[in-house]
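One structure is given below, encoded as structure tokens.
Keep in mind it's a predicted model, so treat the numbers as computed, not measured.
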Amino acid sequence: MSEETVTTVNNPSKKNQKNKKPKSKLQETIEFCIPIVIAVVLALILRTFVFANAVVPTGSMLNTIQEGDRIIASRLAYKNDDPQRYDIILFKYPDDESQIYVKRVIGLPGETVQIVGGVVYVTKTDGKTIQLADSFVTACVPYGDFGPYVVPKDSYFMLGDNRNDSKDSRYWTNTYVKRDKIIGKVKFRYYPSIGKIE
């Protein structure tokens, strides 16, 4: 009967485990904190340079945006492009820049905006006058005559979708939103439901 011999092989990982010194409390704390710090820094970078978020406190953009919606805007949307008519944007309120507003772009630089019986007309820079689309306007009949407003260079005329209940360019002391006061283009809501905003 042959005798079986078992050869043991030294496991280098076990040796290393024996030679490893136990970590100090400081080392453990640092290792625990590093991923948290990295996550916070990344979040701050994204919030400062890429995205802006806001809570909409009023119903001025009904039915497109509901009161209490939490929305995200892209800070990069206008790095290489200009705002377009009907874009929904986040911007510093011209009469008090500590407040952030959300409205829809209606008049572009150099255009003339006039509202007659609640209907919005825009005379474009080529002299052609058009009646603006209103499919996104709250299901009520807009009223009132306003304007004409001649939109200055690098500025925009803004209206809320809830036309009869919106504090917008029609009522501000500083009527227009300057290009450099635009924070970003609103892309979607993330609370109470997730969805694209147009």
Side-chain angles (χ1 to χ4, degrees), residues 48-54 56-65 69 71-189 196-198:
T48 305
F49 300 106
V50 181
F51 298 113
N53 69 338
V56 180
T58 71
S60 71
M61 283 297 291
L62 290 170
N63 290 322
T64 310
I65 301 174
D69 277 0
I71 58 175
I72 293 283
S74 168
R75 292 181 185 273
L76 303 178
Y78 302 125
K79 289 296 178 190
N80 299 313
D81 295 310
D82 290 323
Q84 300 299 307
R85 192 181 335 276
Y86 306 127
D87 284 358
I88 298 174
I89 63 172
L90 211 56
F91 57 92
K92 293 181 179 178
Y93 170 43
D95 291 346
D96 178 3
E97 291 187 7
S98 68
Q99 296 184 53
I100 304 300
Y101 271 32
V102 59
K103 304 288 178 193
R104 193 180 292 272
V105 175
I106 296 298
L108 304 176
E111 296 183 334
T112 300
V113 179
Q114 185 153 18
I115 302 169
V116 180
V119 179
V120 182
Y121 298 92
V122 170
T123 303
K124 301 197 289 186
T125 52
D126 63 4
K128 184 180 177 184
T129 300
I130 58 170
Q131 179 179 333
L132 293 196
D134 60 3
S135 58
F136 44 77
V137 175
T138 306
C140 63
V141 180
Y143 58 82
D145 299 327
F146 302 89
Y149 304 95
V150 180
V151 185
K153 182 182 176 183
D154 292 325
S155 299
Y156 298 87
F157 184 89
M158 314 298 298
L159 289 177
D161 288 357
N162 189 0
R163 294 282 164 79
N164 294 342
D165 191 15
S166 174
K167 185 181 180 185
D168 48 40
S169 285
R170 296 170 293 176
Y171 304 108
W172 302 335
T173 302
N174 298 293
T175 306
Y176 310 100
V177 174
K178 292 183 179 176
R179 176 79 162 75
D180 61 0
K181 302 303 178 184
I182 294 173
I183 295 167
K185 181 179 180 180
V186 175
K187 294 286 192 177
F188 60 91
R189 75 174 52 81
K196 193 174 178 183
I197 293 177
E198 294 178 308

Give a yes or no on whether the backbone of [Y] and the side-chain of [X] come within a donor-acceptor separation of less than 3.5 Å.
| X | Y | value |
| --- | --- | --- |
| R104 | Y86 | yes |
| Y149 | G107 | no |
| S169 | T175 | yes |

Q.
Counting C-beta onward and ignoring hydrogens, is there a side-chain heavy-atom pair between V177 and I182 closer than 4.5 Å?
A. yes
Q.
Counting C-beta onward and ignoring hydrogens, is there a side-chain heavy-atom pair between K103 and S60 closer than 4.5 Å?
A. yes
Drop me the distance from [X]'s [atom1] to [Y]'s [atom2], to the nearest 0.5 angstrom.
| X | Y | atom1 | atom2 | value |
| --- | --- | --- | --- | --- |
| Y143 | R163 | OH | CZ | 13.0 Å |
| K178 | F91 | NZ | CZ | 14.0 Å |
| I100 | N53 | CD1 | CG | 11.0 Å |
| W172 | K167 | CH2 | NZ | 9.5 Å |
| L90 | R75 | CG | CZ | 8.0 Å |
| Y93 | N174 | OH | CG | 8.5 Å |

What are the two closest non-hydrogen atoms of [X] and [Y], and how far apart are they?
| X | Y | answer |
| --- | --- | --- |
| Y176 | S155 | CB-CB, 3.8 Å |
| V186 | I89 | CG2-C, 4.0 Å |
| L108 | P83 | CD2-O, 3.9 Å |
| G184 | Y78 | C-CE1, 4.2 Å |
| N162 | G59 | ND2-O, 2.9 Å |
| T173 | D95 | N-OD2, 2.8 Å |

**Q.** Basic-acidic side-chain contact under 4.0 Å: R189, D69
**A.** yes
Q | Pairing of D82 and R179 as salt bridge, 4.0 angstrom limit | A | yes
Q: Go through the steps for D161 and M61 under the test side-chain contact (heavy atoms from CB on, under 4.5 Å), then give the verdict.
A: CA-CA 5 Å; D161 288 357; M61 283 297 291; 3.6 Å; yes
Q: Give the intermediate values and the outcome of side-chain contact (heavy atoms from CB on, under 4.5 Å) for residues D87 and Y156.
A: CA-CA 11 Å; D87 284 358; Y156 298 87; over 6 Å; no
**Q.** side-chain contact (heavy atoms from CB on, under 4.5 Å) between Y101 and M158, worked out
**A.** CA-CA 10 Å; Y101 271 32; M158 314 298 298; over 6 Å; no
Q: Measure the acute angle between the ring planes of F146 and Y171, then classify it against the limits of 30° and 60° as parallel, tilted or perpendicular.
A: perpendicular
Q: Take V102 and I88 through the test side-chain contact (heavy atoms from CB on, under 4.5 Å) and record every step on the way to the result.
A: CA-CA 7 Å; V102 59; I88 298 174; 3.6 Å; yes
Side-chain donor/acceptor pairs under 3.5 Å, residues 113-128, sequence neighbours excluded:
residue	atom	partner	partner atom	Å
T123	OG1	T129	OG1	2.8
D126	OD1	K128	N	2.9

